[in-house]
Amino acid sequence: MAWYDEAVFYHIYPLGLTGAPKENHYGAPEHRLQTLIPWISHIKETGCNAIYIGPLFESVGHGYETTDYKKLDNRLGTNEDLTDFVAKCHEQGIRVILDGVFNHTGRDFFAFQDIKKNRESSPYKDWYCNVNFWGNNEYNDGFSYENWGGYNLLVKLNQHNPAVRDYICDVIRFWVSEFDIDGIRLDAADVLDFEYMKALRHVANEVKPDFWLMGEVIHGDYTRWVNEGTLHSVTNYNLHKALYSGHNDHNYFEIAHTVKRLYEMGGSRPDGLKLYNFVDNHDVERIYTKLNNKAHFTPVHILLYTLPGVPSIYYGSEFGIEGKKERFSDASLRPALSLADYADAVTKNPCTKLIAALGNIRQNTPALSYGNYQELLLTNRQYAYSRNHNGQSVIVTVNNDDSDFVMTLRAGDASEYIGALSGEKVSVNGGNIVVNVKANSGDIWLPATPGNENAVMADTFHVQPVKTVAPTDNTAADQTAASSQPAQAANEKTAAAGSAEPHAGSAAADGSTEIHNNPAAVASKTAAAQPAEKTAPSQTQNTEPTTSQDFENGKIAGLQEAILAIMEKNGPVTDQMRRDVEANVYHDSLIAWIKSFR
């Protein structure tokens with residue numbers, strides 16, 4: 001077990017949070033990083049025990065066009081300021097990882113400046129990719145070169161050059177010796193050379209026990225990057241996309257199938273593929289902006305904190321702030337904030353109270369960090385699963401519907417469970433628990449056994465679901481979400497993140513086909529429903545005919561045809577989506593899904 005196995009991250013974009021100027025004039029240091037020291041206590045209070053902060057080092061503008069890897073950006077202060085900041089984090093038990101922008105440099109970096117001055121005679125002419133002294137560019141350098149993302153401001157390093165590798169490896173050693181950091185997030189890891197990453201991992205193993213390497217990867221087979229030879233983790237853009245669109249479309253199948261595919265990708269082991277989970281960051285719109293129904297803030301974050309992986313909160317999102325991506329600027333995603341404006345947020349702001357409670361539950365519940373994952377119930381609007389560790393089964397329930405929903409779920413060996421958010425207690429009868437999941441909310445059900453008291457947050461935080469800002473018409477919301485999704489995805493780096501999902505955006509486009517509070521929608525492998533008077537003493541359930549045994553055992557071909565037909569009505573069906581359905585990849589979930597229609 002390493003520290004990052006139990007980490008809850010707080011992500012800071014420092015140039016934005018501190019209100020630094022957009023352009024660096026390389027003047028006298030401004031000690032803005034020191035203004036973040038009060039945030040450390042806030043970060044701890046919100047249940048986080050790790051910080052990802054960056055970019056930090058001298059650059060021209062937004063921070064990713066590095067000028068000097070060994071000098072804190074003078075808009076933020078001095079190296080001493082960074083050393084002090086990391087030390088104060090460590091004093092409060094908070095680990096720190098920095099942004100490592102090792103794919104490219106800025107044009108003011110010393111090696112590039114030497115090429116401009118000495119051209120073919122420069123000893124650094126092979127430090128960059130495809131430097132062509134017969135070419136030119138918009139800066140009229142008299143030569144051309146390979147860049148990142150089409151921006152000549154970002155000059156791509158030649159990662160095959162041993163001198164470049166040695167230099168970057170020395171930078172990592174310097175960061176550890178100078179600042180005592182605990183890990184690095186590799187920018188643009190999905191375009192880094194794999195041998196280059198192996199060299200970085202070798203240094204990571206050398207400099208510090210449990211030094212963590214996490215990479216920015218948008219989509220693909222994450223196991224290419226996450227393994228013993230390269231990185232410990234990568235950004236989970238697949239889950240990011242599923243978490244917001246699965247709520248906007250009332251389509252928990254998208255989320256569940258994404259989770260299952262990633263879990264299987266890691267060998268169906270909780271330690272097989274520990275990805276960096278998030279719902280927003282400095283490159284994508286704020287989750288509170290993206291959600292059609294703001295009340296879904298609650299179930300989205302319950303899932304973020306309890307699904308397999310390492311959860312992360314982007315600064316300010318714990319307050320429920322908005323942030324919409326602009327066409328030519330990310331400034332609205334990276335605002336300056338004053339902590340004084342949110343002094344009482346943990347007790348008065350429902351979003352902050354929820355995040356603080358979830359962080360503390362996560363840190364006090366080992367099953368959420370180490371437990372295996374098992375799906376218990378799945379419909380378009382309801383989802384339940386367990387995380388099982390050391391003989392304890394923690395059960396998570398979420399509901400994206402505007403009505404309460406009663407679930408009968410297979411439980412562990414305990415005689416009683418308690419909701420960590422609600423404080424409600426339920427008894428185990430016949431191996432099952434029966435719980436009422438509030439509208440647009442959820443809970444984390446812990447065995448009521450000694451040792452779990454610290455994880456129950458209800459008495460401390462009095463957590464209530466985040467309220468919707470306006471009445472929501474389900475059908476209209478579903479149709480709006482379906483029509484707006486492509487435009488939203490096009491504005492984000494995640495446009496392709498979930499395109500291969502067999503049911504992404506398709507299971508709930510038509511609100512008229514969905515059914516609420518119907519136990520017949522539970523897959524046959526979940527616990528058998530109790531009689532109505534026992535399962536829902538406070539709620540009247542729908543009484544529809546019991547599904548026949550023939551249906552249970554499956555006319556799979558007919559179900560597949562129905563699924564494909566519904567999917568085709570909601571957009572193009574890719575070959576991969578068709579293969580997943582025809583190969584019956586998710587048998588039980590497909591049956592549950594088709595049964596959830598009237």
> Between Y244 and D280, is any side-chain donor less than 3.5 angstrom from a side-chain acceptor?
Replying inline: no
> Within 45 degrees of the axis of the six-membered ring of F102 and under 6.0 Å from its centre: does R185 put its NZ or CZ there?
Replying inline: no
>> Would you say the ring centers of F9 and F278 fall short of 6.0 Å from each other?
In response: no
> For the ring pair H232 and Y4, is the centre-to-centre distance below 6.0 Å?
Replying inline: yes
>> When you compare the side chain of D84 with that of I37, does any pair of heavy atoms fall below 4.5 Å?
In response: yes
> Rounded to the nearest 0.5 Å, how far does NZ of K290 lie from NE2 of H296?
Replying inline: 15.5 Å
> Do D141 and K116 come within less than 4.5 Å of each other through their side chains, counting heavy atoms only?
Replying inline: yes
> So, for I40 and K88, which heavy atoms are closest and what is the spacing to 0.1 Å?
Replying inline: CD1-CB, 3.8 Å
> Is there a donor-acceptor pair under 3.5 Å between the side chain of N205 and the backbone N or O of H202?
Replying inline: no
> Is there a donor-acceptor pair under 3.5 Å between the side chain of E326 and the backbone N or O of A331?
Replying inline: no
> In Å, rounded to the nearest 0.5 Å, how long is the span from CG of L98 to CD1 of I181?
Replying inline: 4.0 Å
> When the ring centroid of H62 is compared with that of Y13, is the distance short of 6.0 Å?
Replying inline: no
>> Using side-chain heavy atoms (C-beta onward) and a distance below 4.5 Å, is K274 in contact with N236?
In response: no
>> For the CD atom on E138, are there more than 12 heavy atoms of other groups (residues, nucleotides or ligands in this structure) within a distance under 6.0 Å?
In response: yes
>> Between the side chains of K70 and D68, is the shortest nitrogen-to-carboxylate-oxygen separation below 4.0 Å, so that they form an ion pair?
In response: no
> How many angstroms lie between CZ in R224 and CG in L231, if you round to the nearest 0.5 Å?
Replying inline: 11.5 Å
>> Quiz question: by atom type and distance under 3.5 Å, do the side chains of T83 and E178 form a donor-acceptor pair?
In response: no
> Below 6.0 angstrom between ring centroids: does that apply to Y373 and Y263?
Replying inline: yes
>> So which atom in Y288 and which in G320 form the shortest heavy-atom distance, rounded to 0.1 Å?
In response: CD2-O, 3.3 Å
> Does the side chain of T289 come under 3.5 Å of the side chain of E322 through a donor N or O and an acceptor N or O?
Replying inline: yes
>> Restricting to non-hydrogen atoms, name the atom on Y26 and the atom on V60 that form the minimum distance, rounded to 0.1 Å.
In response: OH-CG2, 3.6 Å
>> So that I know where these two stand, are Y237 and H219 an aromatic pair - ring centroids less than 6.0 Å apart?
In response: no
> If we ignore angles and hydrogens, is there a donor and acceptor under 3.5 Å between the side chains of E146 and N158?
Replying inline: no
> Strictly under 6.0 Å, is that where the ring centroids of Y167 and W127 end up?
Replying inline: yes
> If you count the non-hydrogen atoms of other residues, nucleotides and ligands that lie under 6.0 Å from OH in Y139, is the total more than 12?
Replying inline: yes
> Parallel, tilted or perpendicular: which fits the ring planes of W39 and H42, with parallel below 30° and perpendicular above 60°?
Replying inline: perpendicular
> Given P14, which of T35, L82, L76 fulfils the side chain to side chain contact (heavy atoms under 4.5 Å, CB included) condition?
Replying inline: L76
>> Any non-hydrogen side-chain atom of P55 less than 4.5 Å from a side-chain atom of Y64?
In response: yes
> Okay, side chain of R75, backbone of P21: is any donor-acceptor separation there less than 3.5 Å?
Replying inline: yes
>> Tell me which one of V8, T46, L304 satisfies side chain to side chain contact (heavy atoms under 4.5 Å, CB included) with I313.
In response: L304
>> Given Y145, which partner from the list F112, Y128, W134 fulfils the ring-ring contact (aromatic ring centres under 6.0 Å, His included) test?
In response: F112
> Within the distance-only criterion (no hydrogens, no angle test), does the side chain of N152 pair as donor or acceptor with the backbone N or O of N147 below 3.5 angstrom?
Replying inline: no
> Using a distance-only test with no angle check, is there a side-chain donor-acceptor pair under 3.5 angstrom linking S369 and D5?
Replying inline: no
> Just one of T105, D73, T66 clears the side-chain hydrogen bond (donor to acceptor under 3.5 Å, both in side chains) bar with S59, so which one?
Replying inline: D73
> Between H11 and Y52, how do the two ring planes meet: parallel, tilted or perpendicular, split at 30° and 60°?
Replying inline: parallel
> Is H247 close to I255 at the side-chain level, that is, under 4.5 Å between some pair of heavy atoms?
Replying inline: yes
> In Å and rounded to the nearest 0.5 Å, what is the CG to OG1 distance from D344 to T352?
Replying inline: 10.5 Å
> Looking at side-chain heavy atoms only, is the closest gap between H31 and T78 below 4.5 Å?
Replying inline: yes
> Under 3.5 Å, side chain of S233 to main-chain N/O of M214, donor-acceptor pair present?
Replying inline: no
> Would you say the side-chain atoms of Q92 pair up with the backbone N or O of H90, donor to acceptor, closer than 3.5 Å?
Replying inline: no
> Can you tell me if N137 uses its side chain to pair, donor with acceptor, with the backbone of F143 under 3.5 Å?
Replying inline: yes
> Closest approach of E216 and A188, non-hydrogen atoms and distance?
Replying inline: OE1-N, 2.8 Å
>> Working to the nearest 0.5 angstrom, can you tell me the gap between C48 SG and E318 CD?
In response: 7.5 Å
> Hey, what do you get for NZ (K125) to CZ (R119), rounding to the nearest 0.5 Å?
Replying inline: 12.5 Å
>> Main chain of T230, side chain of N227: is a donor-acceptor contact present, judged purely on distance under 3.5 Å?
In response: yes
> Are F174 and Y69 close enough that their ring centers fall under 6.0 Å?
Replying inline: no
> Hey, is the main chain of T67 close enough, under 3.5 Å, to the side chain of E58 for a donor-acceptor pair?
Replying inline: no
> If every non-hydrogen atom of I172 is compared with every non-hydrogen atom of V203, which pair is closest and at what distance?
Replying inline: CG2-CG1, 3.9 Å
>> Checking N24 against N74: is there a side-chain donor and acceptor pair closer than 3.5 Å?
In response: yes
> Taking C-beta and beyond as the side chain, do D190 and V234 meet within less than 4.5 Å on heavy atoms?
Replying inline: no
>> Whether the side chain of R32 engages the backbone of L17 through a donor-acceptor N/O pair (distance < 3.5 Å, no angle test) should be reported.
In response: no
>> I need the single residue from L239, V284, I287 that forms a side chain to side chain contact (heavy atoms under 4.5 Å, CB included) with V279. Which is it?
In response: I287
>> Assess, by modelled atom type and distance only, whether the side chains of K71 and N79 contain a donor and an acceptor separated by less than 3.5 Å.
In response: no
>> Are F211 and W175, when compared by the centres of their aromatic rings, separated by less than 6.0 Å?
In response: no
> Hey, is E285 close enough to K324 for a salt bridge, meaning N to O under 4.0 Å?
Replying inline: yes
> Yes or no on side-chain contact (heavy atoms from CB on, under 4.5 Å) for H160 and R165, after CA distance, side-chain angles and deciding distance?
Replying inline: CA-CA 8 Å; H160 298 283; R165 292 190 189 182; 4.3 Å; yes
> Under 3.5 Å, is there a donor-acceptor pair linking the side chains of S122 and D114?
Replying inline: yes
> Between R334 and D283, does a salt bridge (Lys or Arg N to Asp or Glu O under 4.0 Å) hold up when you go through it step by step?
Replying inline: CA-CA 9 Å; R334 308 167 180 183; D283 288 324; 3.1 Å; yes
>> Do Q113 and Y124 pair up side chain to side chain, a donor and an acceptor below 3.5 Å, judged on atom types alone?
In response: no
> Is there a side-chain contact between N248 and L291, using heavy atoms and a 4.5 Å cut-off?
Replying inline: yes
>> Using every non-hydrogen atom in the two residues, find where R362 and Y305 come nearest and quote the distance to one decimal.
In response: NH1-O, 2.9 Å
